[in-house]
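Written out below as structure tokens is the structure these notes cover.
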Amino acid sequence: MTEQSRDAGFILLDALVAVALLGIAGTVIITVEAGLLHQQKVALDRSVGLTMSQSLMRMAMLLPPDELNELGQQDELYIYAVQSARKNQDASVTPMEVVATPRAGADGGAQQLAFLYSSSADIWVP
Amino acid sequence: MSEDSGFALIELLVALAFASLATMAIVALTISAEAIKNRMDEEQNIEWGLLDVEAATGSLSERMDIAIMDPSDHGFDLRQSNAIGLDRFDLSTNSASDAVIRLGTRQLTADLSAFETTTIEYLVRSPGRLDWVVASGLAGQLPVAARLLLSTGGRTWRPLLWAAPRAAWVTDTP
């Protein structure tokens, strides 16, 4: 009688430990899954930003320099700015960059796409 | 005897609890794996579509004139406008929802089936500003650039499809 009830108590303890382990495993799996889904969401957001940055970059290559800032645009996810990256001695080629800053409330960091702006030739003519 | 049966009952209950937990866990795993796989497929389709557009526009390396297209049931229809060389640039969608970009004898297709809506926007210049309008909003103006609007799931991709040579941007002063 005593042995049997002790056995039963031992089995119950086993069961509790197993449930706890299952719970931990479940939590880990759910965390990993949420991470994966979030990563995919961010990857899609990034591709939106990169596509738009690329479009702006190509148009910036064709625009007169003083109208570059007119291209400063925004979409649902990012605010874009076309700006010069740094000073260069060679005046004919200016390093430029498109910076995509996430709008308030969106996650992810700013993205930069650098390019060379030439004031003399058509660099990108589709 | 009665203690034996009580012990068996506990074992049975524990076994049942384990079985139901395991079942729930397997079902949950299957559902979440499915969700992740769907999202990955969607992402991949979108990336392929964007790459297709990229490849198509990149291959159209010659200077070309632009045709004005209105969205229609089967894609985009050419519209008569004052643009020069209307027959040289054409974008339409075929039955497989591929976008077809044509230049002369060359034809390139882009699979845009990953996107729910596809539209074309045109960039028009007025003094001091640049505006994106749809084909119906052009009102006879010549666009300096055209881009696709691809949206799905609340996101919108805007790849540039065509841009006028620099001369058109610089000398366009009304």
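Throughout, a chain's letter reflects where its sequence line sits, starting with A, and its residues are numbered from 1. As a basis for the values below, the full set of heavy atoms in this structure was taken, side chains included, without hydrogen atoms, waters or symmetry mates. Fair warning: this is a prediction, and the values are worked out from it, not measured in the lab.
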Considering only heavy atoms, which portion of [X] lies under 4.5 Å from any heavy atom of chain B: side chain, backbone, both, or neither?
X     : value
A:L36 : side chain
A:L37 : both
A:E33 : both

| Of all of B:R155, B:E43, B:E42, which one pairs up most often with chain A through heavy atoms under 4.5 Å apart? | B:R155
| task | Select, from B:R147, B:E47, B:M40, the one with the greatest count of heavy-atom pairs under 4.5 Å involving chain A. | result |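 The answer is B:M40.
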| field | Contact class of B:L50 relative to chain A, heavy atoms under 4.5 angstrom | value |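 The side chain, not the backbone.
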| Can you say whether B:L29 sits under 4.5 Å from chain A via the side chain, the backbone, both, or neither, judging by heavy atoms? |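 It is the side chain, since no backbone atom gets that close.
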Within-4.5 Å side-chain heavy-atom neighbours: [X] and [Y]:
X      : Y      : answer
B:D131 : B:Y122 : no
A:K41  : A:D45  : yes
B:R39  : B:I36  : no

| field | Distance in Å, A:I79 CD1 paired with A:T101 OG1, rounded so as to fall on 0.5 Å steps | value |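 Atom-to-atom, A:I79:CD1 and A:T101:OG1 are 6.5 Å apart.
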| Of all of A:A18, A:A25, A:A43, A:S47, which one pairs up most often with chain B through heavy atoms under 4.5 Å apart? | A:S47
| side chain to side chain contact (heavy atoms under 4.5 Å, CB included) assessment of B:F115 paired with B:N45 | CA-CA 9 Å; B:F115 302 100; B:N45 285 338; over 6 Å; no
| said: When you measure from the side chain of A:S55 to the backbone of B:R158, do you find a donor-acceptor pair of N or O atoms at a distance under 3.5 Å? | reply: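 Yes, because the side chain of A:S55 sits within donor-acceptor range (under 3.5 Å) of the backbone of B:R158.
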